[in-house]
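Structure first, commentary second.
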Amino acid sequence: MKRRVVVTGLGAVTPIGLNVNEFWDAVKKQTIGFAPITRFDASEYKCHLAAEVKGFDGKNYMDAKSARRMELFSQYAVAASKEALTDAGLDMNAEDAYRVGCSIGSGIGSLQAIEREYKKLLEKGPSRVNPIFVPLMISNMAAGNVSIAFGLKGKSINVVTACATGTNSIGEAFRTIQYGDADVMVTGGCESCITPVGIAGFTALTALSTIDDPTRCSLPFDKDRSGFVMGEGAAIVILEELEHAKKRGAHIYAEVTGYGCSSDAYHITSPAEDGAGAAKAMENALADAKLQPQDITYINAHGTATHHNDLFETRAIKLTFGSHADKIHINSTKSMIGHLLGAAGAIEFVTCVKEIQESYIHATVGYTTPDEEIDLDYCKEPYEEKVCHALSNSLGFGGHNTTLIVSEYTQA
């Protein structure tokens with residue numbers, strides 16, 4: 001039998017808060033994290049806004065030497081993991097370290113290191129490239145650094161599925177515990193690529209909004225949507241086998257009940273136009289959770305504010321839920337923090353857990369004008385309403401479709 005898996009700890013570093021409480025308070029206040037880019041001079045770029053993490057100093061979470069040997073994406077992961085482990089009250093001295101694993105993904109790793117070291121290569125020659133350039137850059141180093149920092153000796157993996165990375169990372173951690181390969185998993189996603197080549201690349205793809213008004217630049221599902229805003233940060237959750245959590249008296253936030261995946265096998269950037277791929281991921285998650293479509297009353301959508309995603313995700317929801325789709329509250333956390341790429345699904349998972357805990361569904365901030373065919377309930381205003389099951393979608397370049405279902409924990 002599959003083992004039950006619960007959430008016992010939460011951690012986050014976001015553009016609107018450096019921990020979960022700050023982030024969640026900002027969400028309820030409908031705070032937006034969009035502002036002019038400060039990491040480099042973006043005056044010659046079409047895109048001028050991003051959702052940067054503000055006030056973060058890695059040395060507040062680790063010693064200075066360790067911080068110097070990590071790029072931002074890894075620092076964010078370690079910081080969020082420290083919060084999540086503390087929140088879970090997990091004492092590694094009392095645990096079998098080989099039963100505590102790590103599943104943390106980053107979609108890209110460090111573009112900063114690539115840009116910096118390539119500049120050295122061109123200007124000063126190959127001998128001046130940093131000896132630890134590669135371990136600074138590669139995306140698995142978030143999982144590696146977290147494992148080292150906290151002594152996690154169990155299964156350690158780095159899932160990379162573009163914008164579905166955070167959701168797949170949590171899903172694979174869920175499966176790992178379900179089937180007995182670990183008792184505890186530290187899992188989530190991280191990203192930091194607000195850099196010249198990052199912004200230039202996504203702009204060339206016509207994926208980024210070029211609107212300079214922070215209140216109108218990220219408008220998921222709105223008729224005036226114009227693309228996504230690049231965000232950054234990390235979110236980490238502690239997943240734990242139910243009996244293990246109960247034995248140590250852990251606080252249980254919620255239960256992970258469903259995980260479903262599929263591939264569009266259609267296009268490198270565009271979702272399948274009929275929504276069939278994303279629909280299959282949702283159907284698979286529902287089946288895994290042993291739920292019926294009518295059991296779902298809330299969806300945290302991928303909701304990037306690009307033309308294709310919002311239209312095709314809406315079609316996928318209608319395909320999955322039929323007439324019941326009209327009764328589902330759908331929101332996009334990206335309306336406040338932008339698109340955290342490999343960390344997006346992880347922070348949206350944290351959001352779902354908080355919404356279950358507080359019976360509160362946040363608004364899709366800025367959403368005012370319905371678009372033709374995009375005609376479901378996208379939460380113009382927040383709802384104070386019980387959430388028994390939250391369904392969260394992530395759709396990545398390459399056609400990766402991933403869905404998680406997190407449910408209210410019941411002892412039965």
Side-chain angles (χ1 to χ4, degrees), residues 11-15 23 33 50-53 56 70-81 84 102-114 136-147 156-174 185-195 197-199 201-202 205 207-208 228-237 259 261 268-269 281 300 302-304 306 309 332-334 337-351 392-404:
V13 175
T14 80
F23 163 72
E52 297 176 343
V53 169
F56 178 86
M70 290 184 214
E71 291 293 307
L72 261 181
F73 78 101
S74 287
Q75 290 186 18
Y76 290 159
V78 170
S81 296
C102 184
S103 173
I104 298 175
S106 171
I108 297 176
S110 179
L111 290 179
Q112 294 92 331
I114 294 171
L136 285 170
M137 168 196 70
I138 51 181
S139 64
N140 70 295
M141 279 300 159
N145 278 308
V146 168
S147 295
S156 181
I157 58 174
N158 167 47
V159 179
V160 182
T161 49
C163 309
T165 292
T167 303
N168 272 129
S169 295
I170 295 171
E172 294 305 310
F174 169 55
M185 291 292 287
V186 180
T187 180
C190 58
E191 205 77 86
S192 178
C193 29
I194 302 172
T195 73
V197 74
I199 296 297
F202 279 103
L205 214 81
L208 294 184
F228 72 80
V229 178
M230 182 86 81
E232 62 173 354
I236 302 294
V237 300
Y259 174 44
C261 301
I268 59 171
T269 59
N300 189 299
H302 191 54
T304 60
T306 61
N309 176 90
S332 173
T333 310
K334 294 178 180 72
I337 60 174
H339 195 344
L340 275 59
L341 305 180
I347 193 60
E348 289 155 11
F349 182 90
V350 169
T351 301
S392 182
N393 285 330
S394 291
L395 316 176
F397 282 174
H400 306 286
N401 303 305
T402 311
T403 299
L404 281 168

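The distance from atom CD1 of Ile236 to atom OG of Ser169, rounded to the nearest 0.5 Å, is 8.5 Å. For the atom pair OG of Ser394 and NE2 of His400, the computed distance is 12.0 Å after rounding to the nearest 0.5 Å. Once rounded to the nearest 0.5 Å, the distance linking CG of Asn309 with NZ of Lys334 reads 7.5 Å. Taken from SG in Cys190 to CD1 in Ile104, the straight-line distance is 6.5 Å, to the nearest 0.5 Å. Taking CG of Asn300 as the start and OG1 of Thr403 as the end, the distance is 11.0 Å to the nearest 0.5 Å. Distance check, rounded to the nearest 0.5 Å: CD1 of Ile108 to OG1 of Thr195 gives 8.0 Å.
For the pair Leu341/Thr165, no side-chain contact is recorded, criterion being any heavy-atom separation below 4.5 Å from C-beta on. For the pair Cys193/Leu111, a side-chain contact is recorded, criterion being any heavy-atom separation below 4.5 Å from C-beta on. Between Tyr76 and Leu340 there is no side-chain heavy-atom pair separated by less than 4.5 Å. Two residues are said to be in side-chain contact when any heavy atoms from C-beta on lie closer than 4.5 Å; Tyr259 and Asn168 meet this criterion. For the pair Glu232 and Phe73, the minimum side-chain heavy-atom distance is 4.5 Å or more.
When all heavy atoms are compared, the tightest approach of Ala234 to Ala77 is CB-N, 3.9 Å. Here the shortest heavy-atom pairing between Ala346 and Gly189 reads CB-N, 3.4 Å. Heavy atoms only, all atoms of each residue included: Ser332 and Gly303 are closest at OG-O, 2.7 Å. When all heavy atoms of Leu404 and Gly171 are compared, the pair lying nearest together is CD2-CA, 3.9 Å. Looking at every heavy atom in both residues, Val186 comes nearest to Ser81 through CG1-OG, 3.9 Å. Summarising the geometry of Asn393 relative to Glu348, their closest heavy-atom pair is O-OE1, 4.1 Å, with the distance given to 0.1 Å.
The backbone N or O of Leu395 sits less than 3.5 Å from a side-chain atom of His302, completing a donor-acceptor pair.
Between Thr167 and Thr402, the side chains place no donor N or O within less than 3.5 Å of an acceptor N or O (distance only, hydrogens not considered). The closest side-chain donor-acceptor pair between Glu71 and Ser192, if any, does not fall under 3.5 angstrom.
Not a single salt bridge (Lys or Arg N to Asp or Glu O under 4.0 Å) links Glu191 to another residue, sequence neighbours left out. Not counting sequence neighbours, the partners of Phe228 by the ring pair (Phe, Tyr, Trp, His ring centres under 6.0 Å) test are Phe202, His339.
The one candidate from Ser139, Ser106, Ser103 that meets the side chain to side chain donor-acceptor pair (under 3.5 Å) condition with Asn158 is Ser139.
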